[in-house]
Amino acid sequence: QRAVLAEHRLAYVSDAPVNWCPALGTVLANEEVTSDGRSERGNYPVFKRKLTQWMMRITAFSERLIDDLELLDWPDAIKAMQRNWIGRSTGAQVDFAALTSRGAASDHTPSEATISVFTTRPDTLFGATYMVLAPEHPLVDEIAPTSWPASTNSAWTGGAADPSSAIAAYRADAASRSEIERQAEGRTKTGVFTGAMALNPTTGSAIPVFIADYVLMGYGTGAIMAVPAHDQRDFEFARTFGLPVTKVVTPPENWPNDPANWETAWGGDGPVCGSANDSISLDGLSVDDAKAAISTWLEDRRLGHPTVTTKLRDWLFSRQRYWGEPFPIVYDTDGTPIAIPESELPVLLPDIEDYSPRTFAADDQVSMPEAPLARAEEWMQVTLDMGDGPKAYRREVNTMPQWAGSCWYELRYLDPTNDDVFVDPDVERYWMGPTPDRPSGGVDLYVGGVEHAVLHLLYARFWHKVLFDLGHVSSPEPFGRLYNQGYILAHSYTDERGVYRDALTIEERDGSYFSDGDLVTRELGKMGKSLRNAVAPDDLYESYGADTLRLYEMSMGPMDASRPWATRDVVGMYRFLQRLWRSLVDEDTGNLTVVDSEPDAGTARLLARTIDGVRSDMEGLRFNTSIAKLIELNNHLTKLAAPVSRSVAESLVLMLAPLVPHVSEELWAMLGHDESLTYVPFPEADPALLVADEVEIPVQIKGKVRARIMVAVDADSAAIEALALADPAVVALLDGAAPRKVIVVPAKMVNIVL
RNA sequence: GCGGGAGUGGCGGAAUUGGCAGACGCGCAGGAUUCAGGUUCCUGUGUCCGAAAGGACGUGGGGGUUCAAGUCCCCCCUCCCGCACCA
């Protein structure tokens, strides 16, 4: 019963191949391994090892994890990365009968085996001329005969005397090559014949079954039907091994009629051809129609059915670390995992002498993971009463990955002192509940880096959906709006030997860069100690103060863009803060110069426009343009002969507070306030001041600005046209000629067409 | 190959819906203040022609739509990021 349940449990023990990183001394999730087979953290080699580890059944949520992206206000790039990672593709599973006896030596017996394949192109079933299994596919040993069938192509055997030695040699060879080596081989197709044949259910012909590493055990069923005419990989394999290429979809007219003369496979649409037998004909149908027709045919004969496959794999959830949440799991004397009853929770980490992970040489493939908690012998052994009397159990010694905590911290933050539940349902609904304009619910704004796209952000969504299904949260998604801030980049400099030179030593001459006289090459990338281009915040605090640094970083450009650091530019924001101070404070006496009288009309209007603009820029996280508007306002104030009005000064300080909190608080106190400005609302723009009575608009002749006129904001087109045509500069340029057409955009501009 | 994003002065970057390209800052130039210094102040600063007035050109390249294009459409180039033998 436990075994059956384990097939469906959210958390389960698996002994499938996992990612083992000897240098880190722990196993890793697929998401933590880079495409070249190294650890995301530390960039160490990672090896596939068959180990018993805890898994989370995230694949059960694949569909919803893709579909619910629609609900989210997230950057397209992140959504695309998640879709791509989950990798849903719809197609069909098709069953092929294995025929080990066909054409084989007389000591072979017919196989009962069925080879199931996943295909997105069931319409091309008639063109399947061979099959390929992943090298580690469990059926391989079952279907392979003991000797080569008569007249086996010598190119298919890998030079081996019999199928089992060919298979063994191919597997050994595949295992010895790293991901990087395989990629470096330029994807030349390799493989060997298994000696077995299979029956193409549509044509009734026997087709050879190969193993090849271009078919992955981890995707689909780990087996494919190969249609070389219409799949590029199969095409290349067929060319290498001299396999037949049968056309079943008509390519465009400029393609050679005979597939033997094709340069590539034809993967596009076209009328299906050569696809008929006694009970079905697909000929003449489009690809889509043929898919539908063959699916029905397969289902009627119980040979296949439509299905969906994803690239996403279950989440490897155990780590060999001390610092992680211990599993609430014990094993009985039979080694069966049992959940600890709630009354015994939480399981706390034991105090141990040595917390450090057991690590190995980076390339030590045969090393075995060792959990630090396994050193806590006393803690491991525990006596519990599971309802059948006290018994001895052994604790699980693996711990959860760092992601476990980040999957729900945002929920705990809502109600951090609650001792009864992790979050009160009412509290959760208040902060995170779905609303008509945000059906996903979740955190209002989550600012974070792209590096979490298919790690934290995927895991947390999965975890949240589990809690949602269990009724613990009302929101289907944890983070309603996501904003990716860019990186602060910096130039790094390498000399001829490729050694990084300290960025502080660099001099520029005639567009080239030199370090102590040596020519160096400049690159733009992240800051880092090893790149010798990091900027120490302490130095900037020392020279300019924390407010200046903060203001500079916000002013550099849009928040979501990566931007190059330029120490030289920091001074601009420092100067601004000095000018700001002097607009409100007498430098010599230190006394406030602000007056209580109302500002002049121009200043009042500029203030209103600034408040309005800064407010919307802040809402859109456009801090760079907020700052520009605040500088403009201050520049205006410094040009005034008169002292600054209190109403203007206070609004300015309040608007600056989120950007330069220290200077703002200081000025706020000097303006006579006892309480922090944190509790004062953001200024409101006077709507009456946002609309001017008159505006200056350009007058264009043939699209070029030739004059400017003042017009009332509510002036109609005719009045504006008359004003424009009466302008002396326009009269002179027209020189008596009658305009062919005059376009007037009220309160915006005039364009005269000659 | 697939997916995402970006190309605007010497530099970082502005420019809601097509409507004055270059806001704001750096740098640079000239000037001011100062015994001096600059982490001070003021003025100027897209490019080219011109003493000036003014004119021409100008948002990666090429076409197009429009009275009007950085913005819309078509083709192309370059760069960055993610995934990559996913059947």
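Side chains included, hydrogens not; waters and symmetry mates left out as well; all remaining heavy atoms used. Here is the naming used below: chain letters follow the sequence lines, and residue numbers restart at 1 for every chain.
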Which nucleotide, in any strand shown, forms a Watson-Crick or G-U wobble pair with B:A29, with both distances under 3.5 Å? B:U43
So what does A:V215 hit on the nucleic acid, given a heavy-atom distance under 4.0 Å: a base, only sugar-phosphate, or nothing? base
Counting side-chain heavy atoms from C-beta on, which of B:C85, B:C20, B:G27 comes nearest to A:Y214? B:C85
For the ring pair A:F241 and A:Y130, is the centre-to-centre distance below 6.0 Å? no
Remember a base hit wins even if backbone is also touched, and classify A:V753 as base, sugar-phosphate or nothing at under 4.0 Å, heavy atoms. sugar-phosphate
Checking all strands, does A:I743 fall into the base, sugar-phosphate, or nothing category for heavy-atom contacts under 4.0 angstrom? base
Is the ring pair A:F210/A:F237 parallel, tilted or perpendicular, if the boundaries are 30 and 60 degrees? perpendicular
Compute whether any side-chain donor of one residue and acceptor of the other, for A:W85 and A:E31, lie under 3.5 angstrom apart. yes
Which part of the nucleic acid, if any, lies within contact of A:D76, taking any heavy atom under 4.0 Å across all strands shown: a base, the sugar-phosphate backbone alone, or nothing? sugar-phosphate
Span that lies between the C1' atom of B:G50 and that of B:G18, in whole angstrom: 34 Å
Whole-Å distance between B:A6 C1' and A:D560 CG? 11 Å
Students often get this wrong, so: under 4.0 angstrom with heavy atoms, is A:N635 touching a base, only sugar-phosphate, or nothing? sugar-phosphate
Specify the separation, in whole Å, of atom CZ of A:R609 and atom C1' of B:U16. 16 Å
Which part of the nucleic acid, if any, lies within contact of A:R706, taking any heavy atom under 4.0 Å across all strands shown: a base, the sugar-phosphate backbone alone, or nothing? sugar-phosphate
Tabulate protein N/O versus nucleotide N/O from nucleotides 7-13 of chain B, keeping only pairs under 3.5 Å, one per line.
| unit_1 | atom_1 | unit_2 | atom_2 | d |
| --- | --- | --- | --- | --- |
| B:G12 | O2' | A:M556 | O | 3.0 |

So what does A:S89 touch, heavy atoms closer than 4.0 Å: a base, only the sugar-phosphate, or nothing? sugar-phosphate
Protein-nucleotide distance (A:M81, atom CE; B:G5, atom C1'), rounded to Å: 12 Å
Pairwise P distance for B:G63 and B:A69, with rounding to whole Å: 14 Å
Think A:R575 has a side-chain N or O under 4.0 angstrom from the OP1 or OP2 of B:G27? yes
Look at all strands and tell whether A:R579 reaches a base, only sugar-phosphate, or nothing, counting heavy atoms closer than 4.0 Å. sugar-phosphate
Closest approach of A:P201 to A:L125 (non-hydrogen atoms, all atoms of both residues): CG-CD2, 4.3 Å
For B:U40, does OP1 or OP2 lie under 4.0 Å from any side-chain N or O of A:Q578? yes
Between B:C67 and A:R740, counting only base atoms on the nucleotide and side-chain atoms on the residue, is there a donor-acceptor pair under 3.5 Å? no
Complementary nucleotide of B:A53, counting Watson-Crick and G-U pairs under 3.5 Å: none
So A:R582, base contact, sugar-phosphate only, or nothing? Heavy-atom distance under 4.0 Å. sugar-phosphate
Give a yes or no on this: more than 12 heavy atoms of other residues, nucleotides or ligands lie within 6.0 Å of atom CZ of A:R83. yes
In whole angstrom, give the distance that lies between atom NZ of A:K629 and atom P of B:G25. 14 Å
Base-pairing mate for B:G9 - Watson-Crick or G-U, with both contacts under 3.5 Å: none
If we take the P atom in both B:U78 and B:G62, what is their distance in whole Å? 16 Å
Is any N or O donor-acceptor pair between the side chain of A:N751 and the base of B:C67 shorter than 3.5 Å? yes
Partner nucleotide of B:G1 by Watson-Crick or wobble geometry (both distances under 3.5 Å): B:C83
Over 12 non-hydrogen atoms of neighbours within 6.0 angstrom of CD in A:E696: yes
Main-chain N/O of A:L72 paired to A:K79 side chain as donor or acceptor, under 3.5 Å: yes
On RNA chain B, nearest-nucleotide positions of A:E632 versus A:Y219: which is more 5'? A:E632
Show me the donor-acceptor pairs within less than 3.5 Å that the side chains of residues 554-566 of chain A make with the rest of the protein, sequence neighbours left out.
| unit_1 | atom_1 | unit_2 | atom_2 | d |
| --- | --- | --- | --- | --- |
| A:S555 | OG | A:L551 | O | 3.3 |
| A:S555 | OG | A:Y552 | O | 2.9 |
| A:S562 | OG | A:Y487 | N | 2.9 |
| A:R563 | NH1 | A:P558 | O | 2.9 |
| A:R563 | NH1 | A:A561 | O | 2.6 |
| A:R563 | NH2 | A:E553 | O | 3.2 |
| A:W565 | NE1 | A:T567 | OG1 | 2.7 |

Is there a donor-acceptor contact under 3.5 Å linking the side chains of A:T593 and A:D586? no
Name the residue closer to the 5' end of RNA chain B, choosing between A:M749 and A:D617 according to the nucleotide with the nearest heavy atom. A:D617
Taking CG from A:L551 and C1' from B:C26, how many angstroms apart are they, rounded to a whole number? 14 Å
Atom pair distance, as rounded to whole Å: CH2 in A:W85 and P in B:C81: 18 Å
Considering only atom P, compute the distance from B:G37 to B:G19 and round it to an integer number of Å. 49 Å
For A:A566, answer base if it contacts any base atom (sugar-phosphate contacts may also be present), sugar-phosphate if it contacts only those atoms, and nothing otherwise; contact means non-hydrogen atoms under 4.0 Å. nothing
Quick check on B:G9: syn or anti? Syn means the glycosidic torsion is within 90 degrees of zero. syn
Donor/acceptor link under 3.5 angstrom from A:K748 side chain onto base of B:C20: no
Reckon A:A628 touches a base, only the sugar-phosphate, or nothing at all at heavy-atom distances under 4.0 Å? base
How long is the line joining NZ of A:K741 and P of B:U66, in whole Å? 10 Å
Nearest-Å distance, CG (A:L630) to P (B:G25)? 12 Å
Strictly distance-based, threshold 3.5 Å: is any side-chain N or O of A:Y170 a donor or acceptor partner for the main-chain N or O of A:D213? yes
Quote, to the nearest angstrom, the P distance that separates B:G54 from B:A36. 40 Å
Hey, what's the ring geometry for A:H456 with A:H452, parallel, tilted or perpendicular (30° and 60° as the breaks)? perpendicular
Would you say the side chain of A:Y574 and the base of B:U39 hold a donor-acceptor pair, judged only by whether the two atoms sit under 3.5 Å apart? yes
Under 3.5 Å on both distances, the Watson-Crick or G-U partner of B:A69: none
